[in-house]
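Inspection log for the structure reproduced underneath, given as structure tokens.
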Amino acid sequence: MSDNSRTHESPLQKTAITPATHTTPPARFSHGVRKGNLLQVAGQVGFLPAVDGQAPTPAGPTLREQTLQTFANVKAILEEGGSSWEDVIMTRVYLTDTAHFAEFNEIYNEYFAGLKEAPSARTTVYVGLPAGLLIEIDALAVLG
Amino acid sequence: MSDNSRTHESPLQKTAITPATHTTPPARFSHGVRKGNLLQVAGQVGFLPAVDGQAPTPAGPTLREQTLQTFANVKAILEEGGSSWEDVIMTRVYLTDTAHFAEFNEIYNEYFAGLKEAPSARTTVYVGLPAGLLIEIDALAVLG
Amino acid sequence: MSDNSRTHESPLQKTAITPATHTTPPARFSHGVRKGNLLQVAGQVGFLPAVDGQAPTPAGPTLREQTLQTFANVKAILEEGGSSWEDVIMTRVYLTDTAHFAEFNEIYNEYFAGLKEAPSARTTVYVGLPAGLLIEIDALAVLG
């Protein structure tokens, strides 16, 4: 931003991004935040769109179901924030089992086949997640 | 920054942030770094303020003690760098046990109850940490 | 950037960074991406420079061999993107065994002994990695 935009009169806006389809975060964090030209998407899992009065429910037990739903959840936040996968510079992938890597990459390649811009960088590591969840993804986008 | 600030005459400053209360990093990294309008806080754990001649000591064995000390350690770095939790866009939380999630969220919500800006995005995953440590947190802030 | 550079006429470029020495990513992601003044390096492991027709091969079985090769792989991406370790504000280190921490820090300190700018922030956590790999590192640089 220009030096002028750094004055107290026009500070950068910090905006929470909360798609209507998303379940309420389980704590005081935002599903996405935009400040300046950065948009950070919080760790998303494969929960289906929120239904009032129901606990968050994974899209299914399989890696494919959960991965595609997780991608959709990240995408919804990017789009609610005026962005898209095209702007993402880093995708962090948390899997629970190294045996899922090959299948995950297949799903990843299918999903991003139509990407026009340079693909995002990516880190994939294997961690623990709450019971029933096989994947979590967060993303950092640079807009503009 | 303006295009003028990109010339060789006025490059962005890269500044290490080292609160006096912090234990010396165990290797050649900085507890925090500011460059341009980004402030990155390194992974903090629940160590008490440094005491000369003593090894780093966790605030206590419980999740609550360690979490509150970890928050304090992140906050000290943010403030030493001219920032605060209000500027944070991403908080990465590393826990060691999925059974801690509910209690961690309670502590998180209490701690951030007074936040004025949009809450940061957050990713929580479960990893291994050195013996005795239950939590590690890092944070990225956008200033201005 | 100035507000003028935010117009549709001059959007920020998003550029994939692919050093010739690197093995092809196992999926549709980039080893590095630059957009605006941010350069994100994808998670790198200790694979030797690519050889046509050969599967990716770690530099060796030891932590030291894999760490030095991983540093070299990150460095190659930073340099291909017009940057260097001097610009890095965050280094994320994924080890597989807490018993490696002390030796890793020794190697880290040797490697970064000549750094002129403030050292990067760092987070180190212990995760699962594909069989045979002891370390993975990614990095975020702010150029300018």
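In this text, all values refer to a predicted model and were calculated from it rather than measured experimentally. Below, read A as the first sequence line, B as the second, and so on, with proteins coming before strands; counting in each chain starts at 1.
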(message) Tell me the closest heavy-atom pair linking B:E136 and C:T123, and the distance in Å.
(response) OE2-CG2, 3.5 Å
(request) To the nearest 0.5 angstrom, please state how far the CZ atom of B:F29 sits from the CZ atom of C:F112. (result) 12.0 Å
(request) Identify which part of B:Q40 has an atom lying under 4.5 Å from any heavy atom of chain C, answering side chain, backbone, both or neither. (result) both
(message) So for B:L38, is it side chain, backbone, both, or neither that comes closer than 4.5 Å to the heavy atoms of chain C?
(response) side chain
(request) Let me know if B:V125 has heavy atoms under 4.5 Å from chain C in its side chain, its backbone, both or neither. (result) neither
(message) Looking at B:R28, is its backbone amide N or carbonyl O close enough to the side chain of C:N109 to form a donor-acceptor pair, meaning the two atoms are under 3.5 Å apart?
(response) yes
(request) Examine whether an atom of C:A113 lies under 4.5 Å from a heavy atom of chain B, and if so say whether it belongs to the side chain, the backbone or both; otherwise answer neither. (result) backbone
(request) Mind checking the CG-CD1 spacing from B:L140 to C:I89? Nearest 0.5 Å is all I need. (result) 6.0 Å
(request) Kindly compute the distance separating OH (C:Y126) from OG1 (B:T96), expressed to the nearest 0.5 Å. (result) 13.5 Å
(message) Please rank C:G128, C:A102, C:A121 by heavy-atom pairs under 4.5 Å with chain B and give me the top one.
(response) C:A121
(request) Give a yes or no answer on whether the side chain of B:K14 reaches the backbone of C:P119 with a donor-acceptor pair at less than 3.5 Å. (result) no
(request) Find the distance between CD (C:E117) and OG (B:S30) and round it off to the nearest 0.5 Å. (result) 10.5 Å
(request) Indicate yes or no: does B:D138 engage C:R92 in a salt bridge with an N to O separation below 4.0 Å. (result) yes
(message) I'd like to know whether C:V142 forms a side-chain contact (heavy atoms from CB on, under 4.5 Å) with B:V33, so could you lay out the CA-CA distance, the side-chain angles of the two residues, the decisive distance to 0.1 Å, and finally the verdict.
(response) CA-CA 11 Å; C:V142 179; B:V33 172; over 6 Å; no
(message) Please classify the contact of C:D87 with chain B as side chain, backbone, both or neither, using a heavy-atom distance under 4.5 Å.
(response) both
(request) Using atom types as modelled and distance alone, determine if a side-chain donor or acceptor of C:T98 lies under 3.5 Å from a backbone N or O of B:P130. (result) no
(request) Could you look at C:E86 and say if it's the side chain, the backbone, both or neither that has a heavy atom under 4.5 Å from chain B? (result) backbone
